[in-house]
Amino acid sequence: MCEVLFINASARTGQSTGYALAKELIETIRNRDNNLSITYRALGEGSVPPLTDDYETALAQRTSRDATVFNHSEELIKELERSELLIIATPMHNFTVPASLKLWIDHVVRIGRTFEATPEGKIGLLADRPVYIIVSSGGFHQGAHARQADFLSPYLRHVLGTIGLLDVHFIYLEGQALGTESALAANAEARCRLARLPLLQTTPG
Ligand SMILES: Cc1cc2nc3c(=O)[nH]c(=O)nc-3n(C[C@H](O)[C@H](O)[C@H](O)COP(=O)(O)O)c2cc1C
């Protein structure tokens, strides 16, 4: 049995290219492991509530994790803790993560719960597990074609590392707004990259 947490940060599930590719990846894994268990969390539909004054006060006061103010945070953290594999499909919004994914991060990256602050810096408290992040974007931000900054990848790598998730892999679906030819070429390249992922290199059991 492999527990997968699938986080989808696209607001347009029906047409999202990142979501579609993530589903293909999950189907490929499912074909190799019939016992896959998938928890799906759609962030684009506003399922994660905004942080409140009470939440921030509770964080500052290091209120017990059982307090109701942490209910949403605990639910999201427990989903993450249960998972053996994390798959995130996210668009790039203004060079970084969409607000919905940032909100998920603000609930999950919690002092005293998923990381601890020490004099030497922040230390992650979660067990590491593979994380695959499919990033869809209208333009290009990688390699020779890059025409814009990418604050999304370094940010996600850093913030996930803060809670202990270090085995992070990115798959880029770029050029989605630059015409059909560009989008198709980017999709083909992303599929090639997916096929080479360490996740898919093991023999089906
Ligand atoms: C608010 C907003 C901001 C965006 N910012 C960027 C950006 O900074 N760079 C970029 O290449 N595309 C940007 N895009 C385009 C999306 O990343 C692109 O449409 C992507 O393919 C959407 O992913 P999805 O099809 O998986 O939903 C933006 C789109 C929106 C709605």
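Each ligand, and each atom within it, is numbered from 1 in the order the structure gives. Along the sequence shown, residues carry numbers from 1. These figures come from a predicted structure and were not determined experimentally.
Atom 15 (C) of ligand 1 has its closest protein heavy atom at Gly138 N, 3.6 Å. In this structure, atom 26 (O) of ligand 1 lies nearest to the protein heavy atom Ser16 OG, 2.6 Å. Regarding atom 22 (C) of ligand 1, its nearest protein heavy-atom neighbour is Pro91 CB, 3.7 Å. Protein heavy atom nearest atom 25 (O) of ligand 1, with residue, atom name and distance: Arg12 NH2, 2.7 Å. Among protein heavy atoms, atom 14 (N) of ligand 1 sits closest to Met92 O, 3.4 Å. The nearest protein atom to atom 27 (O) of ligand 1, hydrogens excluded, is given as Ser10 OG, 2.6 Å; this is a heavy-atom distance. Among protein heavy atoms, atom 21 (O) of ligand 1 sits closest to Gln176 CB, 3.5 Å.
A cation-pi arrangement is found for Arg110 relative to Phe70, the charged atom lying closer than 6.0 Å to the ring centre and inside a 45° cone about the ring normal.
Taking each heavy atom of Leu85 and Ile29 in turn, the nearest pair found is CD2-CD1, 3.9 Å.
Taking a cut-off of under 4.0 Å to the non-hydrogen atoms of Gly18, the atoms of ligand 1 that pass are 26 (O). Heavy-atom contacts of Thr17 reach the following atoms of ligand 1: 24 (P), 25 (O), 26 (O) (cutoff under 4.0 Å).
The neighbour count for Glu189 CD, taken as heavy atoms of other residues, nucleotides or ligands under 6.0 Å away, does not exceed 12. Within 6.0 Å of CZ in Phe151 there are 12 or fewer heavy atoms belonging to other residues, nucleotides or ligands. Crowding of Glu27 atom CD: a count of heavy atoms from other residues, nucleotides or ligands under 6.0 Å exceeding 12. Within 6.0 Å of the NE2 atom in His169, the count of heavy atoms belonging to other residues, nucleotides or ligands exceeds 12.
For the pair Phe95 and ligand 1, the shortest N or O to N or O distance falls below 3.5 Å. Residue-to-ligand polar distances keep Tyr19 apart from ligand 1: every N/O pair is separated by 3.5 Å or more.
With hydrogens and angles disregarded, no donor-acceptor distance shorter than 3.5 Å links the side chain of Ser136 to the backbone of Thr17.
Among Ser136, Ala186, Gly139, the residue whose heavy atom lies nearest to atom 20 (C) of ligand 1 is Ser136. Summarising the contacts of atom 4 (C) of ligand 1 with Leu178, Asn94, Leu173, the nearest heavy atom is found in Asn94. Ranked by closest heavy atom to atom 9 (N) of ligand 1, the top entry among Gln15, His93, Gln148 is Gln148.
Checked for salt-bridge contact, Glu79 and Arg41 meet the test: a charged N lies under 4.0 Å from a carboxylate O.
Outside the 6.0 Å centre-distance limit, the rings of His72 and Tyr55 are not counted as a close aromatic pair.
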